[in-house]
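Here the structure is laid out as structure tokens; the discussion comes afterwards.
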Amino acid sequence: MAKKAPLTNAEKQKRYREKKESLGKKEVRGYLTEQAQDCLAEIRNITDWDDSTILSNAIRLTYAAQQCGQVKLLNGWLVKNKK
């Protein structure tokens with residue numbers, strides 16, 4: 001019985017992405033402003049959430065705020081509090 005060659009890092013990453021995709025998850029990437037990085041660090045310290053949970057909740061909360069007509073109010077708070 002021949003030994004299988006070990007997977008390369010690229011193959012492992014591809015399998016991981018395919019597994020997450022098959023579970024209905026989608027990868028989202030972007031760059032954070034300095035203020036957003038500060039907020040991220042504070043949220044991480046307070047909640048112990050990982051980046052995926054923080055991002056998922058942020059998108060869901062933004063959606064809820066938009067549906068309730070509260071985006072302008074929340075954005076005003078961010079500007080006023082320099083966040």
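If you're wondering where the values come from, they're calculated on a predicted model, not measured in any experiment. Only this structure's heavy atoms are used, side chains among them; waters, hydrogens and symmetry mates stay out.
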**OP:** Could you please spell out the steps behind the side-chain contact (heavy atoms from CB on, under 4.5 Å) verdict for Leu78 and Leu74?
**Re:** CA-CA 6 Å; Leu78 290 170; Leu74 293 174; 5.7 Å; no
Using 0.5 Å steps for rounding, measure from the [atom1] atom of [X] to the [atom2] atom of [Y].
{"X": "Arg44", "Y": "Gln37", "atom1": "CZ", "atom2": "CD", "answer": "10.0 Å"}
{"X": "Ser56", "Y": "Lys25", "atom1": "OG", "atom2": "NZ", "answer": "7.5 Å"}
{"X": "Ile43", "Y": "Asp48", "atom1": "CD1", "atom2": "CG", "answer": "12.5 Å"}
{"X": "Cys68", "Y": "Leu73", "atom1": "SG", "atom2": "CG", "answer": "11.5 Å"}
{"X": "Tyr16", "Y": "Lys19", "atom1": "OH", "atom2": "NZ", "answer": "8.5 Å"}

Original post:
What do the steps show when you test Arg17 against Glu27 for side-chain contact (heavy atoms from CB on, under 4.5 Å), and what is the final call?
Top reply: CA-CA 8 Å; Arg17 287 191 303 272; Glu27 182 180 10; 3.8 Å; yes
Subject >> Asn45 side chain vs Ala41 backbone, donor-acceptor pair below 3.5 Å >> reply: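 At least one qualifying donor-acceptor pair exists.
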Tell me whether [X] at atom [atom1] has more than 12 heavy atoms from other residues, nucleotides or ligands lying less than 6.0 Å away.
{"X": "Glu18", "atom1": "CD", "value": "yes"}
{"X": "Glu42", "atom1": "CD", "value": "no"}
{"X": "Glu11", "atom1": "CD", "value": "yes"}

Original post:
Is there side-chain contact between Asn57 and Thr53, with at least one heavy-atom pair below 4.5 Å?
Top reply: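 Counting from C-beta outward, Asn57 and Thr53 do come under 4.5 Å.
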Original post:
Do Leu61 and Leu32 sit in the same hydrophobic cluster, where Ile, Leu, Val, Met, Phe, Trp and Tyr count as joined when their side-chain heavy atoms come under 4.5 Å apart?
Top reply: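 Leu61 and Leu32: separate clusters.
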**OP:** Quick one: closest heavy-atom pair of Leu7 and Lys12, and the distance?
**Re:**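 For Leu7 versus Lys12, the nearest heavy atoms are O-CE, 3.6 Å.
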Original post:
What's the verdict on side-chain contact (heavy atoms from CB on, under 4.5 Å) for Asp51 and Leu40, showing C-alpha distance, side-chain angles and the deciding distance?
Top reply: CA-CA 8 Å; Asp51 288 348; Leu40 175 65; 4.1 Å; yes
Original post:
Charged N to carboxylate O under 4.0 angstrom, Asp38 versus Lys83?
Top reply: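 Result for this pair is no, no salt bridge flagged.
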